[in-house]
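The structure appears right after this line, and notes come after that.
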There are 2 protein chains.
Amino acid sequence: MNKKYTCRVTQTRWLDDDEMAAWRTFLTVSHLLDRHIEEHLKAAAGLTHAQYEILVRLSETPGRSMRMTELARGVIASKSALTYQITQLERSGLVERTACPSDERGVVAVLTDEGMRCLERIAPGHLEVVRRFLIDNLTREELETMTHALRKAERAMRPHG
Amino acid sequence: MNKKYTCRVTQTRWLDDDEMAAWRTFLTVSHLLDRHIEEHLKAAAGLTHAQYEILVRLSETPGRSMRMTELARGVIASKSALTYQITQLERSGLVERTACPSDERGVVAVLTDEGMRCLERIAPGHLEVVRRFLIDNLTREELETMTHALRKAERAMRPHG
DNA sequence: GGATAGTCGTTCAGTTTTGAACAACTATAG
DNA sequence: CTATAGTTGTTCAAAACTGAACGACTATCC
């Protein structure tokens, strides 16, 4: 690799070994973890991880409902991806679309009773996967350090904190 | 039925607040980060993050080449996803397919000179994104703790790694 | 009041991923 | 050698995602 010629204005700051290791490990773990989760959810309930996250978000809300845009921001999906997934979940009877009273344009997604039961049924198995492959491998101190560190990264990425 | 994920014996162990916070933060950051990276690479070179990762892996190999299956494992992609992406990269002239001398079934993907130049051109900008949104937000200690912790998780997920 | 800009959710075409099926080849065991 | 089992990479249809464009509505300003 030739570091001699770099951009004239902003100097290139490469990642040193430790930084590179951190980034690579983070990337690898997030990919592997997602694969295991996806596999489990598909087998357990025929759900996507994206769909599962939608159900979780809704279940935590008073009224088990959320505006489309806010929900999309919550699960970090594009608006069109959410439209697609809500349609799928509606087809499965886990979610319903409702008109928004305060905004004529708005759509409110609501978790149905069946959706809530589905979530309660599969959550334990899902969390077991998260435990086995991530959480249970970390000491309490590592856990807290990681949370604190990643929260700083999150703040750097969210549209103004 | 899938025996792998159904366990009637062990009691459900929910995640406590700290564990849940860790998991949520990890998930959020990996989604946000991927979005920023994807956006940058698309703008800078019309590449996907998946495609970029393929180029990086190949560039680090003696001969800048790798068997398809090994490459798929390296970037954590399915075999069919890799087939598709290598075809795209071949179309762009960044990668070539070669016959494997030792295995008649095998295909070896090779990074072309143009592919290497492309990578060298866009790597600084990419790493700058990784820095700004992840690495530079962490202290050296946090960085090392996170790497160590996530490596344990990786070991738990790799097919007996 | 009316013009203008902004937001909301959907649609659409094009891209990427998925998992099962498959032909071709290799490895193992008798 | 000859089954038999396993691996390799591709293909295919279906699922999922992307980003731009859009009509519909709201907010803001003068």
Side-chain angles (χ1 to χ4, degrees), chain A residues 30-32 34-54 58 65-92 95-110 159, chain B residues 2 30-32 34-54 65-92 95-110 159:
Chain A
S30 73
H31 282 164
L32 283 173
D34 209 55
R35 233 147 235 289
H36 282 285
I37 289 171
E38 208 82 54
E39 182 191 13
H40 167 257
L41 286 177
K42 184 82 65 180
L47 287 181
T48 301
H49 192 192
Q51 293 174 336
Y52 181 85
E53 285 186 67
I54 290 171
L58 289 177
S65 63
M66 220 186 278
R67 283 288 293 273
M68 293 295 278
T69 296
E70 196 196 347
L71 183 50
R73 238 178 249 126
V75 300
I76 309 165
S78 66
K79 292 194 295 173
S80 50
L82 185 65
T83 292
Y84 174 76
Q85 285 304 166
I86 291 292
T87 302
Q88 298 309 104
L89 290 170
E90 213 173 10
R91 214 164 270 170
S92 319
V95 162
E96 273 174 3
R97 265 186 248 244
T98 305
C100 178
S102 60
D103 188 338
E104 205 64 31
R105 301 164 299 179
V107 170
V108 176
V110 189
Chain B
N2 195 341
S30 73
H31 282 164
L32 283 173
D34 208 57
R35 231 147 236 291
H36 282 285
I37 289 171
E38 209 82 53
E39 182 191 12
H40 168 256
L41 286 176
K42 184 83 63 181
L47 286 181
T48 301
H49 192 192
Q51 292 174 338
Y52 181 86
E53 285 186 67
I54 291 171
S65 63
M66 220 185 277
R67 284 287 294 273
M68 293 295 278
T69 296
E70 196 196 348
L71 183 51
R73 240 178 247 126
V75 301
I76 309 165
S78 68
K79 293 192 294 172
S80 50
L82 184 66
T83 292
Y84 175 77
Q85 285 303 169
I86 290 293
T87 302
Q88 297 310 105
L89 290 170
E90 214 174 10
R91 212 163 274 169
S92 319
V95 162
E96 273 174 5
R97 264 185 249 245
T98 305
C100 178
S102 60
D103 188 336
E104 204 64 31
R105 300 164 300 180
V107 170
V108 177
V110 189

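Lettering of chains follows the sequences in order, A, B, ..., and the numbering in each one begins at 1. Atoms considered below: every heavy atom in the structure, side chains included; atoms not considered: hydrogens, waters and symmetry mates.
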> Under the ring-ring contact (aromatic ring centres under 6.0 Å, His included) test, which residues partner B/His36, sequence neighbours left out?
Replying inline: B/Phe133
>> For A/Val108 versus A/Ser65, what's the shortest heavy-atom pair and its separation?
In response: CG1-CB, 3.5 Å
>> If I take atom CD from residue B/Gln85 and atom CD from residue B/Glu90, how far apart are they, to the nearest 0.5 angstrom?
In response: 12.5 Å
> Which is true for A/Ala50 with a 4.0 Å heavy-atom rule: it touches a base, it touches only sugar-phosphate, or it touches nothing?
Replying inline: sugar-phosphate
> When the C1' atoms of the five terminal pairs at each end define the local axes, what inter-axis angle does the helix from C/dG1-D/dC30 to C/dG30-D/dC1 show, to 10 degrees?
Replying inline: 30°
>> Without decimals, in angstroms, what is the distance between A/Asp34 CG and C/dT17 C1'?
In response: 12 Å
> Whole Å only: how far is the CD atom of A/Glu104 from the P atom of D/dA27?
Replying inline: 12 Å
> In terms of heavy-atom contacts, does CD of A/Glu96 have more than 12 from other residues, nucleotides or ligands at under 6.0 Å?
Replying inline: no
> How long is the line joining CD of B/Gln51 and C1' of D/dC17, in whole Å?
Replying inline: 15 Å
> How long is the gap from OG on B/Ser30 to NE2 on A/His31, to the nearest 0.5 Å?
Replying inline: 8.5 Å
>> Walk along nucleotides 2-14 of chain D from 5' to 3' and tag each nucleotide B, S or - by protein heavy-atom contact under 4.0 Å, base first, then sugar-phosphate.
In response: ----BBBBBB---
> Atom CD of B/Glu53 to atom C1' of C/dT16: distance rounded to whole Å?
Replying inline: 15 Å
>> Just the rounded figure in Å: distance from C1' of C/dG9 to CD of A/Glu90.
In response: 13 Å
> Is the phosphate of C/dT16, meaning OP1 or OP2, less than 4.0 Å from a side-chain N or O of B/Gln88?
Replying inline: yes
>> Distance check needed: D/dT18 P versus B/His36 NE2, whole Å only.
In response: 14 Å
> Taking CD1 from A/Ile86 and P from C/dT11, how many angstroms apart are they, rounded to a whole number?
Replying inline: 14 Å
>> Is it true that A/Thr87 and A/Arg97 share a donor-acceptor pair across their side chains at a distance under 3.5 Å?
In response: yes
Only pairs under 3.5 Å count here: list side-chain donor-acceptor contacts from residues 67-77 of chain B, not counting sequence neighbours, and write none if there are none.
none

>> What is the separation between atom NE2 on B/His31 and atom P on D/dT18, rounded to the nearest whole Å?
In response: 10 Å
> Which residues, if any, of residues 40-47 of chain B bring a heavy atom under 4.0 Å of DNA chain D?
Replying inline: none
> So do the side chains of B/Thr83 and B/Val107 get within less than 4.5 Å of each other, counting heavy atoms only?
Replying inline: no
Result block: side-chain N/O donor-acceptor pairs under 3.5 angstrom for residues 41-52 of chain B, not counting sequence neighbours:
{"from": "B/His49", "atom 1": "ND1", "to": "B/Asp34", "atom 2": "OD1", "distance (Å)": "2.9"}
{"from": "B/Gln51", "atom 1": "OE1", "to": "B/Thr48", "atom 2": "N", "distance (Å)": "3.0"}

>> Is A/Gln85 close enough to D/dA15 that one of its side-chain N or O atoms is under 4.0 Å from OP1 or OP2 there?
In response: no
